[in-house]
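Proteins get letters first, then strands, A, B, ... in listed order; numbering begins at 1 in each.
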2 protein chains.
Amino acid sequence: MEDGRRPTSYDVARIAGVSQSAVSRCFAPNASIAPAKRELILKVAAEIGYKPNALAQALISKRTNIVAVIIAARTNLYYPEVLAEVGARLSEKDFRVLLFALSQESEVDGVLDQIWRHSVDGVISAARLSTAQVAQFAEHRVPVVLYNRVASGAASVRCDSGEGERDLVGRLLAAGHRRFGLISGPLDNYVGEERRSAALMALSMAGITEVPEVRGDFTYESGHAAMAELHARGCEAIIAVNDMMAIGAMDAARIDLGLSVPQDLSIVGFDGSGASRLGAYDLTTVRQPVRRMTEAAIELLIKRIEDASAPPEQRLFSGQMEAGSSARIAVEGY
Amino acid sequence: MEDGRRPTSYDVARIAGVSQSAVSRCFAPNASIAPAKRELILKVAAEIGYKPNALAQALISKRTNIVAVIIAARTNLYYPEVLAEVGARLSEKDFRVLLFALSQESEVDGVLDQIWRHSVDGVISAARLSTAQVAQFAEHRVPVVLYNRVASGAASVRCDSGEGERDLVGRLLAAGHRRFGLISGPLDNYVGEERRSAALMALSMAGITEVPEVRGDFTYESGHAAMAELHARGCEAIIAVNDMMAIGAMDAARIDLGLSVPQDLSIVGFDGSGASRLGAYDLTTVRQPVRRMTEAAIELLIKRIEDASAPPEQRLFSGQMEAGSSARIAVEGY
DNA sequence: TTGAAAGCGGTACCAC
DNA sequence: GTGGTACCGCTTTCAA
């Protein structure tokens with residue numbers, strides 16, 4: 001076997017004195033093979049270090065046991081948590097992760113191309129997909145589950161940003177805040193816009209329609225920059241649509257503007273990402289149930305991989321308000 | 001073609017009235033094919049949506065264009081930056097990433113098994129590999145590049161923690177600090193131990209041999225917990241072997257112990273991770289040149305993929321001291 | 001239970 | 001330049 005190439009099932013067969021088919025069956029889930037023969041084959045296989053070639057298996061069985069994970073860069077400065085969870089859950093189920101981390105949403109088409117070529121069994125997308133792109137999944141018969149995104153006809157798992165945001169705004173209102181400022185996200189981002197409109201809607205129902213708004217790009221820097229402007233416009237309660245921008249705003253408020261948080265200014269975020277829990281920030285935010293969400297995403301995906309006719313289900317989770325110390329809010333029933 | 005299966009090169013050949021070989025050549029890098037025929041084939045291919053099957057290509061050509069990336073969980077609470085860089089650089093070179101995110105270092109063996117089965121072209125490992133494991137790479141003829149790890153006989157790219165740590169300690173000493181405390185990492189972690197011994201060595205050369213030490217696990221929480229103990233033992237300059245622990249220590253110092261940083265206490269970290277730059281911390285640390293390091297890792301890897309006989313090179317980078325405001329240090333030549 | 005043989009969808013080498 | 005053909009390493013009938 002030491003001739004350089006890796007051992008194949010034929011090598012095992014030859015040495016064990018059995019047919020190649022027998023070797024194959026030995027490594028199949030419900031083989032029909034005599035125990036003694038099985039022992040022998042496994043022994044030989046172990047000796048020469050034989051492992052089934054995943055490529056060859058996939059080529060014929062039409063099953064790669066690979067799931068592609070697409071993640072948009074900007075969207076999730078907090079994605080490590082999601083990614084780690086997804087990876088762990090998938091490997092428990094014996095799936096490997098082919099990762100596509102986009103730096104631009106425009107790269108999606110190229111990624112899809114690769115996905116088709118590699119015949120992945122399924123896809124989890126935390127990047128925006130157009131209707132046309134979602135349609136391609138159906139054409140190619142590749143199940144997809146969207147993570148915190150929506151698209152008609154596609155399965156999805158998401159955290160109901162609207163509900164969480166309304167909760168947050170309601171509590172800020174109940175605590176007496178009236179001069180709000182909004183740090184929103186890019187126009188093309190689904191969750192950002194969902195949170196933005198939920199916040200504005202909740203405010204307008206309380207009679208507050210003049211809400212200074214600055215659009216950021218989910219980064220610390222953009223939140224930091226937005227703060228100065230909102231302060232100049234008299235805002236006393238800042239609603240940022242994600243945690244990183246809230247944290248940037250908080251630093252700008254405290255360090256650059258010399259304000260006390262939450263005495264002079266209340267700031268809330270959204271996500272419950274790692275950074276929000278840092279002691280220096282202790283952000284009041286809405287935590288997404290990442291673990292439950294990733295589990296659901298994988299459950300939905302595997303269900304659709306195993307039964308192509310399963311309908312594309314949507315799962316909605318609610319976030320958990322985390323009362324930090326970055327905002328004066330009403331904590332109890334308000 | 002609408003019979004459910006995806007089009008193959010035979011389908012294209014049949015419709016275009018050419019041989020299957022011609023179709024194959026059409027999609028090969030330096031085809032030898034008549035321009036007119038080429039046009040025709042590409043047109044038909046586009047019409048029926050043909051894409052070469054990566055599995056079949058890989059099976060015969062022995063090239064998957066897939067690189068496995070192994071990342072250990074604890075080690076890199078800052079790995080998103082590394083991962084994003086690696087992914088971006090690899091896709092520029094037309095490689096896909098098969099991601100293995102370990103939650104336990106012990107999972108490495110299982111991961112290696114998957115790696116062999118999937119015939120990846122190369123591996124980048126930011127997880128510890130035993131000598132035996134490194135040897136397996138050689139046996140399987142899979143090039144590997146270690147990221148911030150070392151192992152004899154394996155190519156590696158790393159940031160010289162020793163140099164950076166000595167620099168940091170030297171500056172703390174020059175600023176007059178004498179009562180040091182060390183927050184180190186797990187015993188089995190290479191970079192952690194390298195930084196730890198560099199710090200202790202530098203201190204001992206300055207005549208300081210009594211250095212209270214608490215071992216953490218690279219997390220915020222462990223740094224936070226370590227602080228109380230070090231403070232109780234009279235430390236006034238805290239050296240944490242990574243940023244997250246330094247940040248945890250800083251919060252403990254300021255919030256729980258009511259100390260002013262850096263007036264009462266100096267704290268330094270290591271990595272230059274995203275969190276260190278947050279305004280509330282503005283950590284004095286050593287920044288690893290992540291971008292240059294990932295580029296080097298990929299360059300080394302691709303070189304070895306293309307020329308299996310290329311010797312396993314080691315590249316060492318130096319970190320850049322970032323003078324934040326978390327420590328009183330000597331800034332100029334000391 | 002077992003082995004022979006036919007593919008899976010390509011690449012590569014071969015005469016022509 | 002072109003098509004024929006062997007073959008990559010496995011799964012999957014099928015007949016024995």
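Taking atom NE2 on A:His118 and atom C1' on C:dG10, their separation rounds to 14 Å, with Å as the unit. Atom OH of B:Tyr10 is separated from atom P of C:dA6 by 15 Å (rounded to the nearest Å). Atom CZ in A:Arg14 sits about 15 Å away from atom P in C:dG3, given to the nearest Å. As a whole-Å value, the separation of A:Arg6 CZ from D:dC10 P is 7 Å.
Classified by interplanar angle (parallel below 30°, tilted 30° to 60°, perpendicular above 60°), the ring pair B:His140/B:Trp116 is parallel.
The local environment of CZ in B:Arg63 is crowded, with over 12 non-hydrogen atoms from other residues, nucleotides or ligands closer than 6.0 Å.
If you check every strand for non-hydrogen atoms under 4.0 Å, B:Phe27 touches nothing.
Nearest-nucleotide assignment on DNA chain D puts the 5′-proximal partner with B:Gln20, out of A:Arg25 and B:Gln20.
Residue pairs meeting the ring pair (Phe, Tyr, Trp, His ring centres under 6.0 Å) criterion with at least one partner in residues 22-56 of chain A, sequence neighbours excluded, are A:Phe27-A:Tyr50.
Considering only side-chain N and O atoms, B:Tyr50 lies under 4.0 angstrom from the phosphate OP1 or OP2 of C:dG10. Listed pair B:Ser9 / C:dG10 meets the phosphate criterion, a side-chain N or O lying under 4.0 Å from OP1 or OP2.
Checked against D:dC10, C:dG10, C:dT2, the side chain of A:Thr8 finds its nearest nucleotide in D:dC10. Comparing C:dG10, D:dG4, C:dT11 against the side chain of B:Ser21 picks out D:dG4 as the nearest. Taking the side chain of A:Asn53 as heavy atoms from C-beta on, and the options D:dC10, C:dT2, C:dG3, the nearest nucleotide is D:dC10. When the nucleotides C:dT11, C:dT2, C:dG9 are ranked by their closest atom to the side chain of B:Ser24, C:dT11 comes out on top. In this structure, the nucleotide among C:dG9, C:dG3, D:dC10 sitting nearest to the side chain of A:Lys37 is C:dG3.
Contact check for A:Phe137 versus A:Leu129: side-chain heavy atoms found under the 4.5 Å cut-off. Within the 4.5 Å cutoff, the side chain of B:Ile48 has heavy atoms near those of the B:Asp11 side chain.
Contacts between residues 54-64 of chain A and DNA chain D, counted as heavy-atom distances below 4.0 Å, involve A:Ala56, A:Gln57, A:Ile60.
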